[in-house]
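Report on the following structure.
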Number of protein chains: 2
Amino acid sequence: MNAKYISIYHKLIEQIEKGAFTVGSKIPSEKLLMEQFDVSRDTIRKSLQMLEQNGYINKVKGKGSFILDTAKLNFPVTGLISFKELSNQIGREAETIVEILEKKWPSKFIREQLEIDDQTAIWKVVRARKIDGKKIILDKEYYNSSYVEKLSRSICEGSIFDYIENTLHLNIGFAKKEIVVQACTEDDQKYLDLDGYDMVVVVNTFVYLDDGSLLQYGQSRHRPDKFKFVDFARRIQQVNE
Amino acid sequence: MNAKYISIYHKLIEQIEKGAFTVGSKIPSEKLLMEQFDVSRDTIRKSLQMLEQNGYINKVKGKGSFILDTAKLNFPVTGLISFKELSNQIGREAETIVEILEKKWPSKFIREQLEIDDQTAIWKVVRARKIDGKKIILDKEYYNSSYVEKLSRSICEGSIFDYIENTLHLNIGFAKKEIVVQACTEDDQKYLDLDGYDMVVVVNTFVYLDDGSLLQYGQSRHRPDKFKFVDFARRIQQVNE
DNA sequence: ACGCATTTGTTCGTATGTATC
DNA sequence: CGATACATACGAACAAATGCG
């Protein structure tokens with residue numbers, strides 16, 4: 001079903017995570033991989049480019065592609081990842097409590113964030129996230145109901161993204177996140193176990209569909225001592241002329 | 001000097017930022033761009049892929065490539081960018097005060113972070129960053145002296161990265177950043193105008209050279225109300241099999 | 001210092017698949 | 001259905017960096 005280069009990308013990740021190559025060592029050359037997978041160089045290069053962009057390898061001209069220490073780089077937190085995927089990865093007991101679920105008309109603030117008029121209803125979802133018995137994240141999300149017509153409590157207890165992608169068959173395209181720190185609000189105190197902290201880390205998120213339309217605005221509010229964001233970045237190519 | 005696709009990438013950015021295309025509109029098709037720049041489709045596609053990855057456009061199969069609202073997406077903060085580049089971009093009066101500059105033997109903590117032994121000297125640089133008259137960022141950086149032999153006060157007052165790339169001709173490859181929030185330390189109180197805040201946002205950074213060797217470990221400590229981090233992410237391709 | 005083999009980087013060409021309109 | 005536009009895949013050639021003898 002998938003493109004060859006994507007399936008090779010996943011196969012290589014599997015090998016890397018299995019420890020088939022030691023950290024700092026070279027992976028087979030493009031020529032060898034071509035033969036192993038019986039594909040063209042173009043296809044292998046696309047797979048390797050994905051590995052490079054996602055921080056698995058570092059390519060050096062004339063030398064080869066080297067495995068990076070993904071454990072040390074504390075992967076992956078950059079990018080779009082849902083709370084459910086995250087809790088699966090960290091392997092800790094996590095629980096989601098749906099505090100509010102309602103379809104309503106948008107306030108001025110939400111109209112501005114979602115770029116809609118007052119004739120477009122929205123779904124408002126507020127969920128507290130419990131890890132190791134403490135409520136440390138408060139997620140407030142607003143969905144454009146033109147794209148998500150119906151939401152239920154049971155969907156919200158699982159992964160809304162799962163529902164959007166696999167049931168509604170909408171394709172998430174990209175997202176913008178903004179991280180700031182704010183004084184905590186009454187809602188934070190009401191829904192979170194703040195443990196004395198008077199500030200929260202706020203991650204504002206705008207999620208767009210494949211075709212560029214704005215699906216969701218969300219605020220993820222974290223207790224400061226439990227927040228961590230990891231980013232992997234490559235140096236942007238410079239102009240030499 | 002540069003590769004064609006990189007120079008076309010920069011030319012297209014220039015056009016986009018000049019407002020040659022309106023937000024939400026299509027840019028010329030790959031076929032047209034091929035003719036305009038007189039290059040192959042492969043070259044154009046590489047340029048467009050870079051634009052897409054850096055959040056300038058959104059490509060939709062069968063439709064075209066659409067301009068994203070880069071102003072709204074609040075560019076660019078993701079990725080590697082030095083304080084000097086940043087202050088140029090935001091266009092505010094910014095000043096750097098070099099508080100500490102010394103070559104010394106590494107502590108145990110720094111040895112672990114930089115993955116060196118106690119025979120490798122390090123450069124320690126502490127700089128306060130003043131914006132609009134207030135010291136709001138404290139940068140503590142440690143460089144492996146095997147790569148950076150000499151540092152001077154005047155270099156530190158400008159951009160150390162400039163010096164590393166343009167004078168030492170070392171190529172920065174990639175970096176890992178980690179964002180956390182911590183209680184402020186004595187140093188924070190000593191060097192920053194904290195304005196009553198008792199927490200700081202800490203960005204831990206590991207900067208690697210082209211060949212994968214670790215050049216720098218740094219802590220960038222920010223007053224919480226003045227901190228903002230923006231991230232642009234694309235949905236990672238899923239397995240469909 | 002030099003040439004040669006290896007490896008990745010860039011560019012071109014061509015063909016076919018798939019989504020949109 | 002046909003035209004357009006982007007996606008995937010293969011092949012080929014040369015450039016540039018590296019390592020070795």
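Residue numbers begin at 1 in each chain, while the letters A, B, ... track the order of the sequences.
One can place NZ of K46(A) at 7 Å from C1' of dA9(D), the figure rounded to the nearest angstrom. Atom C1' of nucleotide dT8(D) and atom CE of M50(A) are separated by 13 Å, given to the nearest angstrom. Atom CG of D211(B) is separated from atom P of dT18(D) by 9 Å (rounded to the nearest Å). Rounded to whole Å, the distance from CD on E35(B) to P on dG13(C) is 12 Å. Taking atom CG on L48(B) and atom P on dC6(D), their separation rounds to 8 Å, with Å as the unit. One interatomic measurement links the two molecules: NZ of K31(A) to P of dG9(C), which rounds to 17 Å at whole-angstrom precision. Rounded to whole angstrom, the span from the CE atom of M34(A) across to the C1' atom of dA12(D) amounts to 11 Å. At whole-Å resolution of the value, NZ in K4(B) and P in dA16(D) are 13 Å apart.
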Quick one: do I179(A) and D231(B) satisfy side chain to side chain contact (heavy atoms under 4.5 Å, CB included)? Show the steps, please. CA-CA 8 Å; I179(A) 302 175; D231(B) 181 49; over 6 Å; no

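Neither OP1 nor OP2 of dA9(D) sits under 4.0 Å from any side-chain N or O of Y5(A). Within the 4.0 Å cut-off from OP1 or OP2 of dC12(C), not a single side-chain nitrogen or oxygen of R41(B) is found. An OP1 or OP2 oxygen of dG9(C) is reached within less than 4.0 angstrom by a side-chain nitrogen or oxygen of K59(A). OP1 or OP2 of dC21(C) sits under 4.0 Å from a side-chain N or O of K63(B). At dG9(C), one or more side-chain N or O atoms of R45(A) fall inside 4.0 Å of OP1 or OP2 (strictly under the cut-off).
Checking dG13(C), dC6(D), dG9(C) against the side-chain heavy atoms of S29(B) singles out dC6(D) as nearest. Nearest nucleotide to the side chain of T43(B), out of dT8(C), dT8(D), dT11(C): dT11(C). Ranking dT8(C), dC12(C), dA19(C) by closeness to the K61(B) side chain, first place goes to dA19(C).
Residue Q219(B) holds its CD atom at 9.0 Å from OG1 of T205(B), rounded to the nearest 0.5 Å. Here the OH-NZ distance, from Y217(B) to K124(B), works out to 12.0 Å after rounding to the nearest 0.5 Å.
A salt bridge links D139(A) with R129(A): the distance from a Lys NZ or Arg NE/NH1/NH2 to an Asp or Glu carboxylate oxygen falls below 4.0 Å.
Residues R127(A) and E141(A) meet the side-chain proximity criterion, which asks for heavy atoms closer than 4.5 Å.
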